[in-house]
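Bear in mind the structure is a predicted one, so any value in this text is a computation, not a measurement.
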Amino acid sequence: MTDPLPLPDATAGTPGLTFSFLTLFPELLAPFAAEAIVGKARERGLLDVRLVNMRDFAGNRHHKVDDTPYGGGAGMVIRVDVAERALASLPAADEVILFSPAGQPFTQAVAEELAERRHLVFLCGRYEGFDARTEGLVTRELSIGDFVMMGGEAAAACVLEAVARLVPGVLGDPESHQADSFSSGLLDYPEYTRPPEWRGQSVPDVLRGGNHGAVAAWRRGQALARTLARRPDLLVSAPLTPADTVTLGELGATPEQLQEWGAPPPPRPKRRKRPRPADPDPSPGS
């Protein structure tokens, strides 16, 4: 089996998650698995990536994996028997996933689900895709968007990075992904670093004041504002709080929108305690 990705010396035992990609162009995926955070996680044995060249399972001396479509038409179709032999060469998988425009949209929730698995296998199509009978070999189909690409390798790279960063230990801060866009149900709040002043634009004072509670409130408000302005569709499934309802109302959300999003009622104002009447002065001589 041809694998253009050198296997590093793992130092952490059995990887937590293995990705296997069946592709006609493994060289396209090798850099994503060998560099940056994914490459470091692979070196530490936290995850592994296997690149399987489907041409090795063509069953003919010319390594031809496709053929003309029955019924005529343009393009070539990848043979189902090639896909079957390539899959049979791998250990048992928790999921066998086909990239397809008809597939389930790939979201952060799907990434979190896949990160709980031990072995994921992905079929990356080319040309006119796989023989339709290949669908019987997979457990699910995924799509990264409503647009046409030349193959599944770019989609595979997106899924690799999105899922790998959720594997325990891959990120330096285990909580760093929880506040990212979509993980919280909202778009992420804006981030700032040095210099504090740049071309007339200043870092917000609240971020430099040292009040952690005020920073958290500001960030939540900014996340709500960004989501309302740019992706209000996300608010339907976002876990909104009563305080969020107040903030969204202040940002211009209508009562009809709040109802559509299932926003909870705003917090009730606290009732002011009546002052306790003073005890009467004791009578003289008592």
**Audit row: R140, E113, salt bridge (charged side-chain N to carboxylate O under 4.0 Å, His left out) steps and yes/no** = CA-CA 13 Å; R140 78 164 84 188; E113 180 185 350; 2.7 Å; yes
**Complete:** Looking only at heavy atoms, the pair that brings P267 and V246 closest together is CD-CG2, 3.8 Å
**Asked** When you look at L90 and V52, which way does the side chain to side chain contact (heavy atoms under 4.5 Å, CB included) test go after all the steps?
**Response** CA-CA 9 Å; L90 295 171; V52 180; 3.8 Å; yes
**Gap separating the OG atom of S100 from the CD atom of E141, nearest 0.5 angstrom** = 4.5 Å
**Message:** side chain to side chain contact (heavy atoms under 4.5 Å, CB included) for F122 and T23? Distances and angles first, verdict last.
**Reply:** CA-CA 9 Å; F122 298 87; T23 171; over 6 Å; no
**Message:** Please say yes or no: joined through hydrophobic side-chain contacts below 4.5 Å, possibly via intermediate residues, are I144 and V38 part of one cluster?
**Reply:** yes
**Message:** A side-chain contact here means heavy atoms from C-beta on lying under 4.5 Å apart; do L235 and T227 qualify?
**Reply:** yes
**Request:** For D146, look at atom CG and say whether over 12 heavy atoms of other residues, nucleotides or ligands are found less than 6.0 Å away.
**Result:** no
**Request:** Please assess F57 against S89 for the test side chain to side chain contact (heavy atoms under 4.5 Å, CB included), listing each intermediate value before the final yes or no.
**Result:** CA-CA 9 Å; F57 303 91; S89 72; 3.5 Å; yes
**Request:** Decide whether L251 and V206 are clustered together by the hydrophobic rule: side chain heavy atoms of Ile, Leu, Val, Met, Phe, Trp, Tyr closer than 4.5 Å, transitively.
**Result:** no
**Request:** Taking the side chain as every heavy atom from C-beta outward, state whether L258 and T245 have any atom pair closer than 4.5 Å.
**Result:** yes
**Request:** Report whether L160 and V167 are members of the same hydrophobic cluster (ILVMFWY, side-chain heavy atoms less than 4.5 Å apart, transitive linking).
**Result:** yes
**Parallel, tilted or perpendicular: ring planes of W218 versus Y192, cut at 30 and 60 degrees** = tilted
**Message:** Within the supplied structure, the quantity of interest is the number of heavy atoms (other residues, nucleotides, ligands) at a distance under 6.0 Å from Q259 CD; does it exceed 12?
**Reply:** no
**Request:** Could you please spell out the steps behind the side chain to side chain contact (heavy atoms under 4.5 Å, CB included) verdict for I97 and V121?
**Result:** CA-CA 6 Å; I97 298 169; V121 177; over 6 Å; no
**Message:** Quick check on the hydrophobic clustering: are L24 and V77 connected, directly or via other members, by side-chain heavy-atom contacts under 4.5 Å?
**Reply:** no
**Prompt:** Are any side-chain N or O atoms of R118 and backbone N or O atoms of D94, one a donor and one an acceptor, separated by less than 3.5 Å?
**Reply:** no
Which donor-acceptor pairs under 3.5 Å do the side chains of residues 123-131 make with protein atoms, sequence neighbours left out?
unit_1: R126; atom_1: NE; unit_2: E153; atom_2: OE1; d: 3.0
unit_1: R126; atom_1: NH1; unit_2: M150; atom_2: O; d: 3.4
unit_1: R126; atom_1: NH2; unit_2: E153; atom_2: OE1; d: 2.9
unit_1: D131; atom_1: OD1; unit_2: R133; atom_2: N; d: 2.8
unit_1: D131; atom_1: OD1; unit_2: R133; atom_2: NE; d: 3.0
unit_1: D131; atom_1: OD2; unit_2: R133; atom_2: NE; d: 3.4
unit_1: D131; atom_1: OD2; unit_2: R133; atom_2: NH2; d: 2.7

**Interatomic spacing from CZ in R117 to OG1 in T139 - rounded to 0.5 Å** = 8.5 Å
**Asked** So do the side chains of L137 and V80 get within less than 4.5 Å of each other, counting heavy atoms only?
**Response** yes
**Message:** Keeping H119 on the side-chain end and E95 on the backbone end, is there a donor-acceptor pair under 3.5 Å?
**Reply:** no
**Request:** Nearest 0.5 Å please: distance from the CZ atom of F19 over to the CG atom of L29.
**Result:** 11.5 Å
**Complete:** In short, F99 meets A156 closest at the heavy-atom pair CZ-CA, 3.6 Å
**Asked** Should H63 and M54 count as side-chain neighbours, where that means a heavy-atom distance under 4.5 Å?
**Response** no
**Separation of L187 CG from Q222 CD (nearest 0.5 Å)** = 12.0 Å
**Fill in**
CG (L166) and CD (E112) are apart, to the nearest 0.5 Å, by 6.0 Å
**Prompt:** Can D244 and T247 be counted as having a side-chain donor-acceptor contact under 3.5 angstrom?
**Reply:** no
**4.5 Å side-chain heavy-atom contact, V163 and F106** = yes
**Request:** Step through the shown structure and confirm whether more than 12 heavy atoms of other residues, nucleotides or ligands are within 6.0 Å of CZ on F32.
**Result:** no
**Prompt:** So does I37 have more than 12 non-hydrogen atoms from other groups sitting under 6.0 Å from CD1?
**Reply:** no
**Request:** Would you indicate whether the side-chain heavy atoms of L186 and L234 approach each other to under 4.5 Å?
**Result:** no
**Item:** Pairwise side-chain contact, L240 with L224, heavy-atom cut-off 4.5 Å (strictly under)
**Value:** yes
**Complete:** Scanning both residues in full, the closest heavy-atom pair of A154 with M149 reads CB-CE, 3.1 Å
**Message:** Is it the case that atom NZ in K40 sees more than 12 heavy atoms from other parts of the structure closer than 6.0 Å?
**Reply:** no
**Prompt:** Between V65 and A58, what is the shortest heavy-atom contact and its length?
**Reply:** CG1-CB, 3.9 Å
**Asked** Heavy atoms, side chains only, cut-off 4.5 Å: are P105 and S143 in contact?
**Response** no
**Asked** Can you tell me how far the CZ atom of F25 sits from the CZ atom of R55, to the nearest 0.5 Å?
**Response** 5.0 Å
**Message:** Give me the atom names and distance for the closest heavy-atom approach of D48 to P15.
**Reply:** N-CB, 3.9 Å
**Request:** Using the side-chain hydrogen bond (donor to acceptor under 3.5 Å, both in side chains) rule, collect all pairs that involve residues 200-209, keeping only residues at least two apart or in two chains.
**Result:** E197-S202
**Asked** Should L46 and L171 be regarded as members of a common hydrophobic cluster, given that ILVMFWY residues are connected when their side-chain heavy atoms come within less than 4.5 Å of each other, either directly or indirectly?
**Response** yes
**Prompt:** For the residue pair V203 and P195, what are the closest heavy atoms and their distance?
**Reply:** CG2-O, 4.1 Å
**R79 and D66 ion-paired at < 4.0 Å** = no
